[in-house]
Amino acid sequence: MDWAKWQSLPQLHGISPRVLQELLDGGQSFRWNRLPEKMDLWQGVFGKVVIQIQQQADGEVYFRQPVGEEADIAIFQYFGAEVDWDGIVNKLPWRSDAYLQECIEKFTGLRILRQPFGETLFGFLCSTAKQITQIKQCCEQVAKAFGPELIKGVYGWPDWNVLAEVPEADLRKCKLGYRAKYIAAVSRILAKDPQFEQKVLNSDYEPARQLLMSLPGVGEKVADCVLLFGAGKLEAFPVDTWMIKVMSRIYQLENWDSGKVAHFGRVHFGSAAGLAQQFLFARERQISV
DNA sequence: AGGCAGGTGGCCA
DNA sequence: TGGCCACCTGCC
């Protein structure tokens with residue numbers, strides 16, 4: 001297998017290596033890895049796309065695909081080519097929120113990936129009470145065991161139709177633990193309801209969220225992650241333990257439960273609350289190290 | 001070595 | 001509605 005030539009990825013122009021890492025491996029997606037032999041090279045999988053990304057010394061970012069593959073359009077969409085990120089960031093309330101402003105400055109160029117719906121839902125079904133490295137292992141193992149081999153040794157996410165046929169016991173072998181039950185149930189529901197994805201994508205935030213939360217294993221946090229990273233709904237504001245920590249400290253929301261914090265976030269940050277969440281989240285993880 | 005982890009669902013007052 | 005706990009298990 002050969003790789004085609006490097007192409008410019010102008011969507012990521014000027015991004016720092018640190019922010020690139022946060023974008024690819026900060027918990028939005030679970031299918032990006034640095035190659036062990038070349039640590040400055042990222043390899044990712046989404047849908048049927050296998051892609052490598054490398055940043056040159058001048059800061060310019062390039063990507064390449066296997067020879068014969070031309071998923072340029074899908075790749076540009078994944079990185080939000082059609083989205084006016086500067087405009088959206090500018091609409092966040094940074095003028096009146098010094099801490100948000102600080103986070104934005106420290107992670108300039110951070111944005112929201114537009115990932116395929118199904119595998120985003122799958123990834124966050126795996127994510128409960130797990131750390132990123134473990135979630136990635138689950139996704140990797142499930143892809144390897146049940147997914148299509150896209151190129152030699154690289155596997156894509158198996159569709160719900162495929163997963164619906166997999167016994168729960170076999171899913172458990174992929175380190176899923178109790179989450180296997182949810183994956184099994186959700187895959188059976190969605191295999192029978194091919195319109196589910198479209199219904200979520202076509203609905204406004206609130207009804208879309210309710211629809212997702214009707215699935216077993218999907219609560220407020222998982223639903224918001226799926227809406228944000230896999231359905232383009234930037235107003236979704238996922239609240240996890242990190243968010244509880246930052247929000248209670250910065251906005252004095254002591255002892256607020258996650259539902260209240262999420263509501264506060266959506267009101268305070270507005271129509272792109274989810275983007276603000278990523279800035280605060282990235283900064284919080286950086287501080288904690 | 002053992003507690004805990006980027007939640008959710010169910011049960012109880 | 002609000003609080004608590006089991007659920008699995010690999011990793012720090």
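Quick note on labels: first sequence line is chain A, next is B, and so on, each numbered from 1.
- A:V218 comes within 4.0 angstrom of the backbone, heavy atoms only, and of no base.
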Q: Could you walk me through whether A:L275 and A:L234 pass side-chain contact (heavy atoms from CB on, under 4.5 Å), step by step?
A: CA-CA 7 Å; A:L275 181 60; A:L234 298 186; 5.6 Å; no
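- Comment: A:D25 does not engage A:R34 in a salt bridge, judged by the lack of any side-chain N to carboxylate O separation of less than 4.0 angstrom.
- Straight-line distance from the CZ atom of A:F30 to the C1' atom of C:dG10: 16 Å, rounded to whole Å.
- Counting non-hydrogen atoms under 4.0 angstrom, A:F124 reaches nothing in the nucleic acid.
- A donor-acceptor contact under 3.5 Å is not formed by the side chain of A:R179 with the base of C:dC7.
- Using a 4.0 Å heavy-atom distance criterion, A:L176 is classed as making no nucleic acid contact.
- The nearest heavy atom of DNA chain C to A:E168 and to A:K175 marks one nucleotide each, and the one closer to the 5' end goes with A:E168.
- Proximity of A:Q131 to the phosphate of B:dG6: a side-chain N or O atom is located under 4.0 Å from OP1 or OP2.
- Atom CD1 in A:I183 sits about 15 Å away from atom P in C:dT9, given to the nearest Å.
- A:G259 comes within contact range of no nucleotide atom at all, as no heavy-atom separation falls under 4.0 Å.
- A salt bridge does not link A:K106 to A:E22: none of the charged side-chain nitrogens sits closer than 4.0 Å to a carboxylate oxygen.
- The residue A:P238 sits apart from the nucleic acid: no heavy atom pair falls under 4.0 Å.
- In this structure, A:D257 places its CG atom 14 Å from C1' of B:dT8, rounding to the nearest Å.
- As a whole-Å value, the separation of A:L171 CG from C:dC8 C1' is 14 Å.
- Side-chain N/O atoms of A:Q137 include one lying less than 4.0 angstrom from OP1 or OP2 on C:dC11.
- Judged by Watson-Crick or G-U wobble contacts below 3.5 Å, the nucleotide C:dC8 has no partner.
- Donor-acceptor pairing under 3.5 Å, judged by distance alone, is present between the side chain of A:Y178 and the base of B:dG7.
- Side-chain nitrogen and oxygen atoms of A:R172 include at least one within less than 4.0 Å of the OP1 or OP2 phosphate oxygen of C:dC8.
- Salt-bridge formation is not detected for the pair A:K245/A:E284: no Lys NZ or Arg NE/NH1/NH2 atom is positioned less than 4.0 Å from an Asp or Glu carboxylate oxygen.
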Q | Derivation and outcome, side-chain contact (heavy atoms from CB on, under 4.5 Å), residues A:Q277 and A:D224 | A | CA-CA 11 Å; A:Q277 188 265 10; A:D224 279 330; over 6 Å; no
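- Residues A:D170 and A:K173 are paired through a salt bridge, judged by an N-O separation under 4.0 Å between the basic side chain and the carboxylate.
- The side chain of A:K181 lies closest to C:dC8 when the candidates are C:dC8, C:dG10, B:dT8.
- Residue A:G27 is classed as a base contact, given a heavy-atom separation below 4.0 Å to a base.
- Within the 4.0 angstrom heavy-atom criterion, only backbone atoms of the sugar-phosphate kind lie near A:L215; the bases stay farther away.
- Projected onto DNA chain C by closest heavy-atom contact, A:T133 and A:Y182 fall at different nucleotides, the more 5' of which corresponds to A:Y182.
- The CG atom of A:L212 sits 14 Å away from the C1' atom of B:dT8 (whole-angstrom rounding).
- Comparing A:M213 and A:K130 against DNA chain B, the residue whose closest nucleotide sits nearer the 5' end is A:K130.
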